[in-house]
Amino acid sequence: MPNRIQLLTEKVSNQIAAGEVIQRPASAVKELLENAIDAGATKINLIVKDAGRTLIQVIDNGCGMNGADAQLCFARHSTSKLSKFEDLALLQTKGFRGEALASIASIAQIELKTRTSEEEVGTLIELEGGVILSESVCSCAIGTSISVKNLFFNVPARRRFLKTDNSELKQIIDEFERLAIPHASIGFSLIHNDQVIYQLEPSNLKGRLLKIFGSNYDERLVPVQEHTDLVSLYGYIGKPAFTKKTRGEQFFFVNNRFIRSPYLNNAINLAFRELIPKENHPSYFIFFELDPAKIDINIHPTKTEVKFDDEQAIYAYLLSAVKMSLGKYNLTPLLDFSQDPVLAHVPVGPSNKIPSAPQVLVNTNFNPFEKQPGSYKREKEHIEEWGNLLNHIQAYQIPQPSPAIQPELVFNEDQQSSGQKVFQLHGQYILAQVKSGLLLIDQKGAYERILYEKFLSQAGEQNFGTQKILFPVELRLGAQDNLIAQGNLDLFQSFGVDILDKGNGLFSIEGMPSDCLDSGEKEIVESLLESIKQTETLDLNGRRTKLALALCQKGKIKYGTILNESEMRGLINQLFRCKQPSFSPDNRQIVVVLDLNQIATIISTIKK
Ligand code: ADP
Ligand code: MG
C-alpha cells in the first residue's frame, strides 16, 4: 500500500488559512488597514470597488518595505512584529501572526508598491493566487500601496457565499470605523466606487466620533473615566434619551483594538437599566488600557475576542464608571411618552383590585428637553394600572370582531345618528355603543392600522399626499446613515417623505406625508433610517413593509390626541374598512367588544 500521508503544499495551506482569516472583503480590509497602522502611517487611504469584490487598495505613508522584505511578506508566518514566543505577551502591534498577507495573496491578484525612506526607488511586485508573477523596481512615494484585486477569484464557493454589495460594504465600513475611531490622530479616507464615504482629518477622539457619527452627537455624548492600578478606562457613552432600537454604536477597545464582549456589554446595560426602555440599546465608545501581559488576544483567529486575567474587576470598574457618569451629568430619565406605545406591552399579572383611574395620562406639554426627574417611573405606574384593567377585560375571552359582525360596527359619520354614541376615554381609547354592547378601541393602534394599510396600498400613487414643509428641516447624517439615505430616497419619496441630498451628509427634509405632518420631521426620518438598518437583507417589498410600519407609528393621532365626535366616527369607519382591523401592524390587539352580559359579569366580579 502506498503512503497516504503527504505534507500540504504551501499554496494549499495558505488557502486553508485564508478560509479562517479572510471570510469576506471586510476581513481583508481589516488586515490591510492594521498593517498600515503597524507601519506607523499618519495617513491611510482605502479605495474600494464593488464592495471589495474587484478592488481593495490601501495606500499608506508608513515605513514601507525594502525589496527583500517586500518579497518575504507574502510567505506564511513572515512577520516583523514577533520573533520569540515571549514577545507575544508584550505585543503592541495589531498583527503578529504573519499570515494575513500570505492568506490574502493566495486567493486574489495582488499589486504591491512599497519604498522605505532609505531607498531611492521602490519595489513593485505582482502576484496571482500566491504565486509571484513579476518583480521590478518602480518609482513611488515612501510607504506602501497594496491593491487586492478580484478577491476569491480562485475560490468560487466563497464568492457565492458573499452577500449583497450593500451588506458587504456595510461590513467594510464597520471595520474601517473600528480602526479609525481608536486611531484618531491618523488621517483616514474611504472611497467606494469613486464616492467619498469618509474623509477624516487627524483629530482627537471626540472630534473623530463627531465626524463619523454626525455633529449632532456633540450633545448626545458624555465622557466616562476611571483609572485604577489594573486598568485605565475612558471614552464616551450616549445619553439615555438618545438610545436606539438597533444595536448600533457599541464599541469596546482594549489597548486600541476593537473587541466584542457580551459580558462587559452587560455591565453597561445594567447601568442603564432603569433609565431606558427595555428594547433600546445604549451607545458607547469605551477604551480599556492595560498591561498587555494581563490579557490574551490570541484566542480568536480574527482577534475580536479578548480574555482578561481579571474580568470581574474590569466589569465592576466599568459598571461604576458608567453609573458615575450618568449621575454626574444628571441624566435623569427622559422619555417622550407620546412616542412610546408601551401601554399594551406591559405585562401585568391578574389582580383583584380595581385600579384607580389615573389623573393625567399624558402630559401634552411634555418637553423631552426639560428635566423631569422620575417622570418615566410615574408614567410606568399609570401604565401598570391600565394594564391591570385591560387584563380584567381580556380575561373574559371576548370574541373578536369578525368580518361577519363588522357591518354593525360601521358608523354613520353623521353626528345626528342616534343610538351610536361614541366617547373618548383619557385620550387613549374610543368607546362606542354597538348593538351587542360596548366597543373599545385603542385609538393610536387603530390609527396605526389605518395608516399602515394606506401606506402599503397607495404608496407611490400620484395622489399620495406629500405635504411640503414650509421651512425645510436640515438633517446631518453620519457616513453609514448617509449611504442608507442615499440608497433609499426614492423609496422614502413613494411614502411621501421628500428628502433632498445636499451632499456631504447634509440632507434637507422638504415634505412629509400629511398624516404625519405634526410629528417631528427629523425624528421621523431618523426612525425610518433606523428601520432600514434592521431590514438590510430584505428585498424592496420587505423594506416597504418595514418602512410602512415605522411610518405608521408616527401618525398624527397619538395617545393623548383629543378627538371630536366626527373624528372618532371617521376613525372607527376607516378602521373597519381595513383588512385586519383587530390588530395593530405590530400585532397588538386593538379592538374589543364587550357584550352586555360580559359587562355585567365584570361589574359583579370586581369587588371593591
Ligand atoms: P503580521 O501583520 O501579522 O506581521 P502580515 O501578513 O499582515 O503579518 O504582514 C507581514 C509583514 O509584512 C508585517 O510583519 C510587516 O513587516 C510587513 N508589512 C505588511 N504590510 C505592511 C505595510 N503596509 N507597511 C510596511 N510593512 C508591511
Ligand atoms: Mg498584519
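Whatever order the structure lists ligands and atoms in, that order sets their numbers, starting from 1. Residue numbers count from 1 along this sequence.
Residue T144 touches ligand 1 through its side chain alone, judged by heavy-atom distances below 4.0 Å. With a 4.0 Å heavy-atom cut-off, ligand 1 is reached by no atom of T114.
The distance from atom CD1 of I146 to atom CD1 of I59, rounded to the nearest 0.5 Å, is 11.5 Å.
Of the listed residues (E99, E31, M65), the one carrying the non-hydrogen atom nearest atom 18 (N) of ligand 1 is M65.
Inspection of the E135 and T123 side chains reveals no N or O donor paired with an N or O acceptor under 3.5 Å.
Counting atoms of ligand 1 from 1 in the listed order, those under 4.0 Å from a heavy atom of A100 are 6 (O), 7 (O). Counting atoms of ligand 1 from 1 in the listed order, those under 4.0 Å from a heavy atom of T79 are 1 (P), 4 (O), 14 (O).
Closest non-hydrogen pair, K546 versus S531, comes out as O-OG, 4.1 Å.
Residue T79: no N/O/S atom is found under 2.8 Å from the Mg ion (ligand 2).
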Worked verdict on F252 versus Y284 for ring pair (Phe, Tyr, Trp, His ring centres under 6.0 Å): CA-CA 8 Å; F252 286 129; Y284 55 82; 4.6 Å; yes
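For the pair D38 and ligand 1, no heavy-atom separation below 4.0 Å is found.
For N193, the side chain to side chain donor-acceptor pair (under 3.5 Å) test picks out no residue, with sequence neighbours left out. Residues meeting the side-chain contact (heavy atoms from CB on, under 4.5 Å) test with A51, sequence neighbours left out: D165, E168, L169, H192.
Where the criterion is an N or O separation shorter than 3.5 Å, residue side chain and backbone included, L101 meets it with respect to ligand 1.
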